[in-house]
Amino acid sequence: MSTLVSPIIRDTQVFELIAQEQHRQESGIELIASENFVSKQVMEAAGTVLTNKYAEGLPGKRYYGGCEVVDQIEQLAIDRVKELFGASWANVQPHSGAQANTAVFLACLKPGDTILGFDLSHGGHLTHGSAVNISGKYFRPTFYGVEQETGVINYDTVEETAHRERPKLLICGASAYSRDWDYVRLRAIADSVGALLLADISHPAGLIAKGLLNDPMDHCHIVTTTTHKTLRGPRGGMIMLRNDFENPFGIKTPKGDLRMMSSLLDSGVFPGTQGGPLEHIIAAKAIAFGEALSDEFGDYANQIQRNAQAMAAAFVAKGYKIISGGTDNHLMLIDLRSKGLSGKLAENTLIKADITINKNMVPFDDKSPMVTSGMRVGTAAVTTRGMKESDMEQIVVYIDDVLMNHDNEAKIQVIKEEINSWMKAFPLYN
Ligand SMILES: *Cc1c(COP(=O)(O)O)cnc(C)c1O
């Protein structure tokens with residue numbers, strides 16, 4: 001056998017580190033709202049011979065030979081995700097959520113065009129117009145945000161901003177917004193200024209797929225998402241369409257012919273912004289979409305939402321301030337100023353007890369992005385581990401105990417050991 005495919009020396013250095021990471025994931029409480037734990041079969045598919053295959057193009061239309069099998073795999077992923085979201089078209093090749101959004105910009109905009117997105121410092125995403133991202137460098141970014149008193153988006157203000165800024169693309173969706181979105185109103189606003197409406201459902205995709213939140217598909221021209229957050233698939237992205245673009249919104253190409261949005265989006269992914277698709281990850285996506293189609297996933301998504309509500313209530317009961325007062329989805333943003341703490345201190349202290357959260361800007365934050373006044377927590381990962389509402393109350397007890405004793409290393413160590421043994425009751429991969 002070739003020494004390349006059957007190496008004489010196994011790379012124990014890397015595998016030892018992977019084992020350490022698995023131990024870290026299994027022994028701690030994972031509350032990062034954008035993370036989740038995939039099934040064993042999703043991981044298995046991601047580590048297969050499919051990584052060897054070049055398949056530039058689309059199923060049945062490839063630039064390489066030998067694609068008969070990967071064509072079937074990618075088609076399966078497309079068919080399943082269309083069923084899952086009721087989409088009429090989907091591209092499952094984007095390597096990440098950022099790639100999916102960039103492909104949409106390339107398909108729909110020209111450099112310098114105006115985009116209107118949700119303010120990053122209020123919970124929006126980098127790819128919706130941040131100055132350090134291509135979306136803010138190549139286009140003219142403008143923003144709407146939440147109201148200071150309520151922490152909720154005021155759609156009248158979105159409308160005023162849209163009328164003032166005249167965007168070509170209106171973007172909704174966020175990374176740290178705990179409330180549902182009014183897609184009907186947003187579409188009316190987009191139509192009133194002749195903008196396209198993009199919903200980036202990266203965070204709540206799993207809840208939307210199971211009908212637990214408003215459905216953007218009927219109202220938004222284009223929908224993008226990651227596949228690895230509440231949807232619980234491998235790390236990746238995708239783009240979907242439902243109703244629009246069978247032609248009225250076709251966009252003129254430089255040659256002057258009217259092309260359908262689906263083909264513009266396909267080209268926006270490849271060759272616009274990517275090369276060969278990751279067929280091993282697409283196989284893992286197909287499996288995750290199959291899992292998400294099951295009734296068990298509906299129960300899972302429901303439990304995520306119930307757990308988030310239980311966790312929010314437990315935080316409020318302990319005197320924590322949640323932006324907007326609560327949550328409709330899987331996450332919440334907590335303003336730590338009333339407790340005299342910064343997001344940085346909370347993140348750095350909680351990790352000592354093996355509780356993983358992330359510091360996060362709160363709307364109208366007076367601290368820098370490296371410090372912040374808030375922390376973001378989500379329930380998708382702990383729900384995958386089998387936790388229920390009462391476990392959320394226990395987690396909040398641990399968090400509060402650690403934060404209220406942030407300078408007591410001995411006490412934090414005791415809590416950490418308690419957490420490590422508690423987590424054994426929620427086995428993950430072993
Ligand atoms: C996570 C996220 C993304 C980016 O996903 P990556 O896979 O990290 O590129 C894009 N948009 C929103 C709203 C997100 O929350």
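In listed order, ligands and their atoms are each counted from 1. Starting from 1, each residue takes its place in the sequence as its number.
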So, Asp215 and Arg242, do they make that salt bridge, N to O below 4.0 Å? yes
Can you tell me if Ser34 has a non-hydrogen atom under 4.0 Å from ligand 1? no
for atom 3 (C) of ligand 1, nearest protein heavy atom and its distance come out as His125 NE2, 3.2 Å
Can you find a protein heavy atom under 4.0 Å from atom 8 (O) of ligand 1? no
By the salt bridge (charged side-chain N to carboxylate O under 4.0 Å, His left out) test, which pairs, at least two apart or in different chains, include something from residues 31-57? none
Counting from 1, what ligand 1 atoms have a heavy atom of Ser96 closer than 4.0 Å? 6 (P), 7 (O), 9 (O)
How close does the nearest protein non-hydrogen atom get to atom 12 (C) of ligand 1, and which residue and atom is it? Asp200 OD2, 3.3 Å
Ligand 1 contacted by His228 (non-hydrogen, < 4.0 Å): yes
Within a distance under 4.0 Å of any heavy atom of Ser175, pick out the atoms of ligand 1 and give their elements. 12 (C), 13 (C), 14 (C), 15 (O)
Using the salt bridge (charged side-chain N to carboxylate O under 4.0 Å, His left out) rule, collect all pairs that involve residues 149-160, keeping only residues at least two apart or in two chains. Asp156-Arg185, Glu159-Arg185
Pull out every atom of ligand 1 sitting under 4.0 Å from any heavy atom of His203, numbered as shown with elements. 15 (O)
Evaluate the ring planes of Tyr64 and Tyr54, with Trp represented by its six-membered ring, and classify them as parallel (under 30°), tilted (30 to 60°) or perpendicular (over 60°). parallel
Identity and distance of the protein heavy atom lying nearest atom 6 (P) of ligand 1: Gly97 N, 3.5 Å
In ligand 1, which numbered atoms sit nearer than 4.0 Å to a non-hydrogen atom of Ala98? 4 (C), 5 (O), 6 (P), 9 (O)
Pair Glu21 + Arg24, salt bridge at N-O below 4.0 Å: yes
With a 4.0 Å cut-off, would you call Arg337 and Asp366 a salt bridge? yes
Ring centers of Phe426, Phe37 separated by less than 6.0 Å: no
Option whose closest heavy atom lies nearest to atom 5 (O) of ligand 1, chosen from Thr226, Thr224, Ile201: Thr226
Among all protein non-hydrogen atoms, which one is nearest to atom 2 (C) of ligand 1, and what is the separation to 0.1 Å? Lys229 NZ, 2.5 Å
Parallel, tilted or perpendicular: which fits the ring planes of His330 and His203, with parallel below 30° and perpendicular above 60°? parallel
Do Gln99 and Gln274 pass the side chain to side chain donor-acceptor pair (under 3.5 Å) test, and can you show the C-alpha distance, the side-chain angles, and the key distance before you say yes or no? CA-CA 8 Å; Gln99 294 286 106; Gln274 291 189 173; 3.2 Å; yes
Honestly, for Ser202 the part within reach of ligand 1 (heavy atoms, under 4.0 Å) is side chain
Only heavy atoms of Ala174, strictly under 4.0 Å: list the atoms of ligand 1 that pass. 13 (C), 15 (O)
